[in-house]
Each structure stands twice: as C-alpha cells, then as structure tokens.
There are 2 protein chains.
Amino acid sequence: MPAAQPRESRSEYEGACREHGDSGAVIREVLERVGDKWSLLVIDTLAAGVLRLSELQKHIPGISQRMLTRTLRLLERDGLITRTVHPEVPPRVEYALTSVGRTLIVPAQELAGWAVEHQAAILSAREAYDAAHEEINKPENPGLDSRHMK
Amino acid sequence: MPAAQPRESRSEYEGACREHGDSGAVIREVLERVGDKWSLLVIDTLAAGVLRLSELQKHIPGISQRMLTRTLRLLERDGLITRTVHPEVPPRVEYALTSVGRTLIVPAQELAGWAVEHQAAILSAREAYDAAHEEINKPENPGLDSRHMK
DNA sequence: CAGCATCCTTTTTGATACTG
DNA sequence: CAGTATCAAAAAGGATGCTG
C-alpha cells in the first residue's frame, strides 16, 4: 500500500468533530494510554483469559507491581478492562478485558507480531547505524560496542 | 481456557525458549521504539509519501522540532525510514519509509484507526471513572472538575 | 494476595539559543 | 530550512515498607 492519503480513515462516528489535522492529536492522545510501556502487553496477556494480579505479573516479566497496578488502573479507567473483587478471605481480584478492550486484541497482537517478526532486522539495522556513527565519532575505537542511546 | 500460553508466533529467533514470556520481552523492546510518543504518528504520516522535516512538523501538530528530529533519528537508526539530503542551497532533506518501515503501516494505521474509532468510548469511560472516584474522595465538592491524572 | 504511599533515580520532553 | 546543544521541568519507573 504505497503513497496515497490514507489519513482519511475518519469514521463517521464522532460527534465532536473538531478538525482534520486533529486526528493526529486524537490518535496521539489515545495512543498514549495504550502506547506506554506496558499497556499493550497487559492487553495482550489478558487476551488469553481472566487473570489475577499475581498471575499477570508472572506472565509479564520485568514489570513491577507498581507499574502493573498503575497500568491496570488506567486501563480500567478507560473502560478497557474490568476489575472484579471477590470477597473472600485471601482477597482475590480478577482482571478481564471488556468488550471495548477486546477490540484492541487484534491491533495489539498485530503490532506484537510485527515486533517479533522484524526484531532481527531492526536490531541489525541499529547495529549498522551505530557502527557507522561510532566510526565517525571515534575512528580510533574499533571493538568497543557499548552504547546505550535510547 | 484460562491463562494458557497461546498466541505464539515464534520466528526462527532465539534458542532460549522458556515460555512465551520471552516474546513479551521482545515485544516490549521493539514496542518501545515504536510505542513512544511520536513514532507511530511519524510512520503514519510518512505512509502518505515522502516528506521533509518542516512538512512533517506541519502534519504532526504538537510535536517540537527536537522531538521530531529525535524520533526521525531513532527510526532511521532502526532502519524504518531513510533520510535523503539534497545538496542544494536551501538544504532539502526528505524522509521516507523503508521497505521494513512500510510493513509497519498496516499495524500502525490499524491502531490509529482503533484510537479514532474508540475515542469517544474511552473518553466517556474515563469521565465516568473519574466522576465515581471524585465522589468518593470529595463528596462535598460537586462542581470542581480538576483531574490531572497522567 | 492485593495494592497504596513514599522516596529516589532515570528518562523524556520542551524552550531557547546557536550553526551550516 | 535543517539540525544540534544545553538546561530545566516533568514524567516514568523501581524499591521498599505498610495496610486490609
């Protein structure tokens, strides 16, 4: 799909139609909810089924409890997941996607799939780029490979 | 089917396959490149065709030049876009998606479409949530509407 | 188990000023 | 026009300790 004006993916949905260049703003706004460090991963994990906090944490390596609960809260706030507290002795809280949240599964997994699929290409491109630029900055340092731009 | 580990789309990558917990790490890593504040928007914008810096900035409201160039650099580093400098008097630099970069168009636009499509639902969910929680914290303050989470 | 609060460190981002 | 450098503000993230 090359070069056209595909930015016309405006749905006839919104009643609060502000402007045209606005879709960028809207996208960014919503994307920030979902485009943070963990949200898509949580969505992706919950796509498999209902999970409790500790289970989610096991499935998402590297996430701290703070970030997990934070992320879950934001997703809940946006109506993408539900939080169900079972009044039992050892508290049990289950998280699940809402119907709106489920609409994110396909895009999320598609992006996740893209990430996995192009991971190698990206990493090698990155190395090539870094190598080329290190040469420019430090032509006399061939073998050192520790840079953490980011 | 509670919490299994489906959705495996392993490529020929890594030899250390514990569980799919790995793909989570990979996804997160790549997603961080593309899941930042502006990358997807830039990809999305470049999907329409080759553009120069100033044009990109016009198409992406709210982005500062610093963030634009930064984002472009990272995308270039990862081999998703190309940067072509035309040796002319008023310097002209054009940015375009690479073939790898173009593979991101579909997922990116799908996500962007999702954002636009569910914008209203998310906003109203958010308001409902905030209203409910404001009531809990400040039942005696029914007119104040200042929430700045996030 | 779930989850909030606090403290502290690392990143990110935006303004501004300054080259080619 | 394109782009870099610097600085300060803000946000994100992580560790830990404390409730219910």
Side-chain angles (χ1 to χ4, degrees), chain A residues 25 28-29 31-42 45-46 50-77 81-96 129 133 136-137 147-150, chain B residues 3 24-25 28-29 31-42 45-46 50-77 81-96 129 133 136-137 147-150:
Chain A
R28 196 183 66 91
E29 187 176 332
L31 239 48
E32 267 184 57
R33 283 277 157 273
V34 133
D36 64 1
K37 204 171 183 180
W38 307 104
S39 291
L40 278 185
L41 233 30
V42 169
T45 304
L46 282 179
V50 178
L51 291 173
R52 348 184 3 178
L53 186 72
S54 54
E55 294 174 322
L56 274 167
Q57 193 160 18
K58 275 179 219 155
H59 280 66
I60 307 176
I63 195 173
S64 64
Q65 195 198 51
R66 186 175 178 278
M67 280 304 106
L68 217 204
T69 50
R70 222 177 185 17
T71 302
L72 288 169
R73 277 272 179 284
L74 289 175
L75 292 176
E76 184 195 1
R77 181 164 96 114
I81 67 174
T82 57
R83 174 174 174 275
T84 310
V85 183
H86 293 80
E88 299 173 3
V89 181
R92 188 174 49 136
V93 180
E94 295 185 319
Y95 293 92
Y129 183 96
H133 284 251
I136 292 174
N137 296 322
R147 56 199 141 290
H148 340 271
M149 289 185 61
K150 195 233 142 339
Chain B
R28 196 181 65 91
E29 187 177 331
L31 239 48
E32 269 184 54
R33 281 276 159 283
V34 133
D36 64 0
K37 204 172 181 178
W38 306 104
S39 292
L40 277 185
L41 233 31
V42 170
T45 305
L46 282 179
V50 178
L51 291 174
R52 347 181 9 176
L53 187 73
S54 55
E55 294 175 322
L56 274 167
Q57 194 161 18
K58 275 179 220 156
H59 280 67
I60 306 177
I63 195 172
S64 65
Q65 196 197 49
R66 187 174 176 282
M67 280 304 107
L68 217 203
T69 50
R70 221 175 180 43
T71 302
L72 289 169
R73 276 269 185 281
L74 290 175
L75 292 176
E76 184 195 0
R77 182 165 95 115
I81 68 173
T82 58
R83 174 174 173 274
T84 309
V85 182
H86 293 81
E88 300 173 1
V89 182
R92 188 175 48 137
V93 180
E94 295 184 320
Y95 294 91
Y129 183 97
H133 285 249
I136 291 174
N137 297 322
R147 42 189 159 284
H148 1 261
M149 290 190 61
K150 164 73 196 115

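In what follows, chains are A, B, ... by sequence order, proteins preceding strands, each numbered from 1. The structure presented is a predicted model; accordingly, all values stated were derived computationally and were not measured.
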J.: Grab the CG-P distance between A/Leu68 and C/dC4 for me, whole Å please.
T.: 12 Å
J.: Side-chain N or O of B/Ser54 versus OP1/OP2 of D/dA2: is the shortest distance under 4.0 Å?
T.: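 Result: yes.
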J.: Walk me through it: do B/His133 and A/Arg77 pass the test side-chain contact (heavy atoms from CB on, under 4.5 Å)?
T.: CA-CA 10 Å; B/His133 285 249; A/Arg77 181 164 96 114; over 6 Å; no
J.: Can a donor-acceptor pair be found, under 3.5 Å and without considering hydrogens, that links the side chain of B/Ser39 to the backbone of B/Asp36?
T.: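 No; zero donor-acceptor contacts below 3.5 Å.
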J.: What integer distance in Å separates B/Glu55:CD from D/dG3:P?
T.: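 Atom-to-atom, B/Glu55 to D/dG3, this comes out as 12 Å.
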J.: Counting primed atoms plus P, OP1 and OP2 as sugar-phosphate and everything else as base, spell out the protein contacts along nucleotides 13-20 of chain D at 4.0 Å heavy-atom distance: B, S or - for each nucleotide, 5' to 3'.
T.: BBB----B
J.: What integer distance in Å separates A/Leu56:CG from C/dG3:P?
T.: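 Those two atoms, CG and P, are 10 Å apart.
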J.: For the side chain of A/Arg83, starting at C-beta, report the closest nucleotide among D/dC1, C/dG3, C/dA2.
T.: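 Taking heavy atoms from C-beta onward, the closest nucleotide is C/dG3.
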J.: What is the minimum heavy-atom distance between A/Val42 and A/Leu68, and which atoms define it?
T.: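 Scanning both residues completely, I find the closest heavy atoms to be CG2-CD2, 4.4 Å.
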J.: Considering only heavy atoms from C-beta outward, does the side chain of A/Arg52 approach that of A/Arg92 to under 4.5 Å?
T.: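 Yes, close enough: below the 4.5 Å cut-off.
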J.: Can you check the B/Leu53 CG to D/dA2 C1' distance for me, whole Å?
T.: 6 Å
J.: Has B/Tyr95 got a side-chain N or O lying under 4.0 Å from the OP1 or OP2 atom of D/dC1?
T.: no
J.: Can you tell me the distance, in whole Å, between the CG atom of B/Leu51 and the C1' atom of D/dC1?
T.: 15 Å
J.: Should B/Glu55 and B/Lys58 count as an ion pair when the cut-off is N to O under 4.0 Å?
T.: no
J.: Grab the CZ-P distance between A/Arg52 and C/dC1 for me, whole Å please.
T.: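 Rounded to the whole Å, the gap is 8 Å.
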J.: Given A/Ile63 and A/Gln57, is the side-chain contact (heavy atoms from CB on, under 4.5 Å) satisfied, shown in steps?
T.: CA-CA 7 Å; A/Ile63 195 173; A/Gln57 193 160 18; 4.2 Å; yes
